[in-house]
Amino acid sequence: MYSDGDVSTNKTVAIGVYLGIPLVFLVALSQTALIHDAWLLGVRPNLLLVFTVAWVLLRDVRQGIILGMIGGIVLEVNSAATFGSILLALSAALGVAALGEINAFQGAWFLKYLVIAGATLVYGLVSVTLLGLMGHWLPLGAALVRIILPEMLLHLLLMMPVYGLLLWLGRRLEPRAVELD
Amino acid sequence: MKAPRQWSIIIILVLLLILAWLVFDSLGAQNPLRDGLSQVISPLQLVTKRAWEPISGLFAGVGRVSELRRENESLRAEVAELRTQVILLHEAQIENEDLRRQLDFKSAVPNYQLLSAEIIGHDPGNYLQYFTIDRGADDGLRRGMPVLTEAGLLGRISKVSKNAAQVMLLTDPSSSVSAFIQRSRTTGLVQGYLGHGLVMRYIPQSETVVVGDVVLTSGLGGSFPKRLVIGQITEVHRDDVEMFQSATIAPSVDPHSLESVMVLLNFDPFELPEE
């Protein structure tokens with residue numbers, strides 16, 4: 001947690017969530033209304049996943065899950081899949097992101113890339129499984145090659161700006177705790 | 001200090017100069033004195049004027065700061081308003097062209113009862129190929145109705161609510177359409193596959209399939225009317241050990257660049273089982 005600077009304290013948790021709610025709305029709405037075209041290798045990015053994973057790494061998993069739920073509901077409204085499949089896949093992926101807090105590489109520069117790659121893989125596998133159970137049969141091999149791996153690459157590229165932006169916002173909007181005599 | 005006599009001489013010379021000036025001027029002839037002085041002074045005047053212009057402008061500006069500020073704000077507001085108007089006009093032009101194309105298509109197929117609809121959202125994931133339109137049960141939409149553009153078939157209505165409907169694209173992995181190749185009349189099944197593509201399967205090995213062949217709906221199965229354009233063959237996959245050959249199809253419509261579509265209202269699709 002807080003690998004790139006102590007931007008969060010117990011006193012700023014509430015502020016963090018309040019800051020995150022409009023941001024996550026914006027991210028989810030952008031994903032449904034603005035991003036239609038494939039960005040890279042035939043896939044579109046899952047901005048909500050990148051955003052919430054970065055949030056978990058910078059703050060804590062509870063906040064990430066709350067924001068993930070809010071953004072996930074916005075996506076679910078526009079999704080053709082059965083309600084809940086995005087939320088479940090996102091929760092599983094954020095579970096992977098939470099492991100980033102308790103691992104031996106705590107604070108390492110590559111941690112965020114490792115976590116987003118793992119989270120994308122888990123999100124994809126859970127999505128394919130759930131969609132299959134709901135009647136949208138998808139071949140796992142094709143899903144892995146055509147969707148999950150290109151998505152992973154795209155998310156790796158997006159992680160740096162998203163993480164950097166959230167870190168910058170945290171430092172700008174949330175003052176560091178000071179000790180008063 | 002000069003003596004009073006010298007001063008008197010200078011004064012007399014100046015007076016004579018003025019007198020000569022007056023005489024030249026009154027005669028209407030060329031005034032060599034004026035011309036000579038002018039040649040010396042004019043360039044100096046020009047330099048002085050140019051040097052002074054920015055300074056005088058600055059002083060004039062300082063005096064009118066509040067007025068200029070107001071004027072600047074007003075001009076900025078006007079520019080913003082005009083810019084918005086240009087954007088809106090451009091949008092109106094695009095919409096106009098779009099509607100004109102739809103109208104042309106509607107007149108070309110008078111037996112089709114078509115309803116225009118706007119796309120209001122896309123499925124956020126990469127696995128399913130769906131979008132949402134702003135027409136629903138209130139507009140007479142029902143599940144299974146074909147959705148198309150003037151370029152060809154796009155998909156069908158999969159879910160209908162009061163004021164909106166979800167459209168499953170042909171490129172969705174769950175979609176399949178009976179089709180035939182226009183040139184050879186060979187039939188097959190067009191299916192969507194992961195990665196936004198279309199593939200035509202179950203083409204008999206004996207048939208010749210050529211890149212560029214146009215694929216149309218066959219109407220078999222009752223899901224779609226006959227002869228709607230699906231796309232063009234871009235690649236043929238043939239293996240001697242297989243019973244059938246298959247072909248990759250480039251869809252005639254790119255759904256991601258679309259803003260509006262048409263729903264075919266007067267077609268009763270074969271009732272689909274609930275998803």
Side-chain angles (χ1 to χ4, degrees), chain A residues 27-49 71-82 85-86 89-90 120 123-132 134-151 154-155, chain B residues 118-134 136 143 147 154-176 191-199 201 246 248 250-251 253-261 272-275:
Chain A
V27 166
L29 287 173
S30 306
Q31 195 168 325
T32 59
L34 304 176
I35 304 171
H36 313 148
D37 289 327
W39 279 20
L40 188 76
L41 304 169
V43 293
R44 293 169 289 175
N46 188 338
L47 287 182
L48 182 66
L49 179 66
I73 288 168
V74 177
L75 297 195
E76 294 276 11
V77 171
N78 283 283
S79 173
T82 309
S85 52
I86 291 176
L90 193 61
T120 306
Y123 184 95
L125 294 176
V126 174
S127 294
V128 171
T129 310
L130 289 173
L131 288 170
M134 291 161 195
H136 300 277
W137 184 80
L138 302 167
L140 185 61
L144 201 66
V145 174
R146 292 191 194 135
I147 307 287
I148 298 173
L149 291 177
E151 254 185 2
L154 195 53
H155 291 173
Chain B
E118 269 197 42
I119 299 172
I120 53 172
H122 289 256
D123 188 279
N126 283 309
Y127 300 96
L128 305 178
Q129 299 293 307
Y130 284 76
F131 62 65
T132 311
I133 54 173
D134 66 342
R143 196 163 171 269
V147 177
L154 202 59
R156 63 181 147 193
I157 306 281
S158 66
K159 214 179 271 178
V160 186
S161 60
K162 201 170 177 290
N163 295 311
Q166 217 159 42
V167 178
M168 179 171 72
L169 298 174
L170 293 179
T171 48
D172 186 86
S174 309
S175 160
S176 59
Q191 294 178 315
Y193 68 85
L194 270 177
H196 320 288
L198 282 176
V199 63
R201 297 186 202 280
S246 63
T248 306
V253 189
D254 174 17
H256 303 296
S257 60
L258 284 176
E259 288 176 16
S260 61
V261 294
L272 296 163
E274 280 292 329
E275 277 175 16

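Heavy atoms only: backbone and side chains are in, while hydrogens, waters and symmetry mates are out.
A distance of 8.0 Å separates NE2 of B:His122 from CZ of A:Arg44, quoted to the nearest 0.5 Å. If you take CG on A:Asn46 and CG on B:Asn126, they are separated by 8.0 Å, rounding to the nearest 0.5 Å. Atom OH in B:Tyr127 sits 8.0 Å away from atom CG in A:Leu138 (nearest 0.5 Å). In this structure, the separation between CD on B:Gln129 and NE2 on A:His136 is 12.0 Å, given to the nearest 0.5 Å. Remark: B:Leu128 CG to A:Met134 CE distance equals 10.0 Å, nearest 0.5 Å.
Heavy atoms closer than 4.5 Å to chain B are found in the side chain of A:Ser127, but not in its backbone. The part of A:Ile86 that comes within reach of chain B is its side chain, from C-beta onward, which places non-hydrogen atoms under 4.5 angstrom from that chain. Only the side chain of A:Val128 comes within contact range of chain B, with heavy atoms under 4.5 Å apart. Only the side chain of A:Leu131 comes within contact range of chain B, with at least one heavy atom under 4.5 Å from a heavy atom of that chain. For chain B, no part of A:Glu76 is nearby; none of its heavy atoms comes within less than 4.5 Å.
Among all heavy-atom pairs drawn from B:Pro124 and A:Ser79, the shortest one is CD-CA, 3.9 Å. Of all heavy-atom pairs spanning A:Arg146 and B:Leu194, the tightest one is CD-O, 3.1 Å.
When the side-chain contact (heavy atoms from CB on, under 4.5 Å) test is applied to B:Asp134, the partners found at least two apart in sequence or on another chain are B:Ala117, B:Glu118, B:Ile120.
Applying the salt bridge (charged side-chain N to carboxylate O under 4.0 Å, His left out) test to every pair with at least one member in residues 165-176 of chain B, sequence neighbours left out, gives no pairs at all.
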